[in-house]
There are 2 protein chains.
Amino acid sequence: MKIDKSVVRRFSLFDKMPDSDLEALLAQATPRRAAAGEAMFEQGAEATHFFLLINGRLKVTQVTADGQQIIVRVVHPGDLFGFARALRRADYPGTALSVIESLALTWPTELWPQFLDRSPYLAVSALNTIGQRLDEAHTRIREMSTQEVERRVAHTVLRLSQQAGRTEDNGVRIDFPITRQDIAEMTGTTLHTVSRILSAWESNGLVEGGRQKLLVRDSVRLQALADSSDS
Amino acid sequence: MKIDKSVVRRFSLFDKMPDSDLEALLAQATPRRAAAGEAMFEQGAEATHFFLLINGRLKVTQVTADGQQIIVRVVHPGDLFGFARALRRADYPGTALSVIESLALTWPTELWPQFLDRSPYLAVSALNTIGQRLDEAHTRIREMSTQEVERRVAHTVLRLSQQAGRTEDNGVRIDFPITRQDIAEMTGTTLHTVSRILSAWESNGLVEGGRQKLLVRDSVRLQALADSSDS
DNA sequence: TGAGCCTGTTGCGCTAGGTCAAAATGCGGT
DNA sequence: ACCGCATTTTGACCTAGCGCAACAGGCTCA
């Protein structure tokens with residue numbers, strides 16, 4: 001199967017790359033499809049490829065020694081992921097699970113240096129991405145250290161609505177199926193607490209819930225809640 | 001002032017670098033000394049240099065909008081730090097505060113690419129370092145999400161004793177001044193709770209405390225406490 | 001169309017650990 | 001040797017949020 005360059009051109013990663021380079025890059029890639037619930041790669045497996053998500057949605061999870069799971073990150077179309085090897089890791093540190101039917105391009109890890117050389121913009125973008133990952137991680141640590149659960153959930157929901165929001169009549173819809181459990185694993189709490197918080201928000205008109213659904217109705221008030229200490 | 005290559009040779013970063021390259025690298029560096037309590041760079045300042053700690057000890061802190069502080073990382077001799085710019089950040093994301101009198105080498109950020117090119121080992125090490133940072137951050141997130149405070153403190157103390165431990169007659173001493181407050185900011189809790197925990201450990205013979213001091217007497221039992229759920 | 005399952009809701013009790021307050025212990029400077 | 005400050009300890013109290021449990025509403029698959 002062949003991926004046309006028009007499909008990936010919209011991603012900022014390839015913003016300023018000449019057509020010829022982009023085509024060469026795509027020629028080296030192998031597409032990889034994963035149905036909902038299927039993994040692109042598993043935690044601990046040898047890192048043989050790195051990936052670019054074309055469409056769909058993934059969650060990267062880690063499981064602790066005692067079986068607890070956390071969601072490290074949500075992967076959106078246009079994101080590079082699974083480039084562990086680039087940071088000199090032999091195996092994938094997490095599992096990339098597709099939440100909905102997803103399509104990614106894959107390249108063998110050996111091609112990473114070549115991938116970066118293909119264009120100075122690409123190299124910059126890739127480093128940028130890594131820097132952002134670090135930032136996000138530290139932000140999360142800061143939030144978990146200093147904020148109570150409700151504010152953390154607010155931040156997380158807002159982030160999701162920005163990264164994966166589709167505007168609707170009465171608000172911004174999170175554009176992929178997400179459970180209370182998922183949100184709990186992203187904020188370091190339990191699904192019970194998340195459920196309670198969302199219920200409270202719903203009766204205040206902040207959001208609108210549903211089975212694996214979430215609609216942010218009033219992002220301004222939600223933002224206010226996320227920023228200041230008391231409601 | 002001139003730094004001799006023998007001083008830095010012991011750092012694994014320069015393990016396999018030829019003398020000539022190492023000398024050239026040092027020739028481009030400017031030493032920077034900071035007294036205890038002084039900052040090498042401040043959060044938000046333009047990232048003009050990257051650093052290598054020669055000796056001393058630093059803590060990298062971040063302050064939240066509402067004035068709360070957390071400790072992102074402790075920097076040990078031989079560690080690269082402040083290479084924000086390499087990840088395409090314009091400013092330093094945190095403040096690097098020296099805990100004791102410290103000496104670092106600094107290079108202008110423009111030299112980063114050149115720095116990496118100097119030796120393939122160096123490039124690998126640097127990427128390695130970034131990968132480790134990400135790992136550490138995720139480990140911390142995982143711990144904060146799933147473990148109770150006592151286990152987190154145990155992990156943190158053990159990590160410190162491994163990274164900055166000096167073996168003494170009756171245990172391993174954390175080889176720089178560290179307060180209960182510091183440990184609290186590393187684990188996401190309060191100094192009160194840390195104090196209580198350490199007191200309890202002290203009466204069980206696990207550690208020996210003191211003003212800005214900490215000695216791990218029984219790392220085996222401490223490790224056991226860190227690994228399993230109940231005492 | 002119904003059975004079963006997955007996801008979400010809600011009540012209740014409990015406790016880890018935060019907050020507030022006060023006292024004790026060093027430690028450095030004069 | 002003494003004063004003042006920073007750090008630590010400890011107690012008492014209180015609450016956010018976790019664990020447990022029961023139930024309800026959809027969705028899926030036969």
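These numbers come from a predicted model, not from an experiment. All chains are named by letter (A, B, ...) in the order of the sequence lines, taking the proteins before the strands, and each is independently numbered beginning at 1.
Side chain of B/Arg151 to main chain of B/Thr146: no donor-acceptor pair is present (N/O by atom type, distance under 3.5 Å, no hydrogens or angles).
Considering only side-chain N and O atoms, A/Arg180 lies under 4.0 angstrom from the phosphate OP1 or OP2 of C/dT9.
The CD atom of B/Gln62 sits 8.5 Å away from the CD1 atom of A/Ile141 when rounded to the nearest 0.5 Å.
The nearest whole Å value for the distance from the CD atom in B/Glu185 to the P atom in C/dG18 is 13 Å. Following rounding to the nearest Å, B/Arg151 (CZ) and C/dG17 (C1') show an atom-to-atom distance of 17 Å. Rounded to an integer number of Å, the gap from A/Gln181 CD to D/dG19 C1' is 14 Å. Regarding B/Lys213, its NZ atom lies at a distance of 17 Å from the C1' atom of D/dT9, rounded to whole Å. Rounded to an integer number of Å, the gap from CD of A/Gln147 to P of C/dG18 is 15 Å. A straight line from CE of B/Met144 to P of C/dG17 spans 13 Å, rounded to a whole angstrom. Rounded to whole Å, the distance from CD on B/Glu148 to P on C/dG17 is 6 Å.
Here the side chain of B/Gln212 is nearest to one of C/dT7, D/dT7, D/dG17, namely D/dT7.
Interface residues of residues 189-209 of chain B facing DNA chain C, ordered by number: B/Thr189, B/Thr190, B/His192, B/Thr193, B/Arg196; criterion, heavy-atom separation under 4.0 Å.
Ionic pairing of A/Arg159 and A/Glu143 is present here: one or more N-O contacts between side-chain nitrogen and carboxylate oxygen are shorter than 4.0 angstrom. Using a 4.0 Å cut-off between charged nitrogen and carboxylate oxygen, A/Arg89 and B/Asp135 count as a salt-bridge pair. A salt bridge does not link B/Arg180 with B/Asp182: every distance from a Lys NZ or Arg NE/NH1/NH2 to an Asp or Glu carboxylate oxygen is 4.0 Å or more.
Ring centroid separation for the pair B/Phe81 and B/Phe50 does not come in under the 6.0 Å cut-off.
For A/Arg211 against D/dC27, a side-chain-to-base donor-acceptor contact under 3.5 Å is absent.
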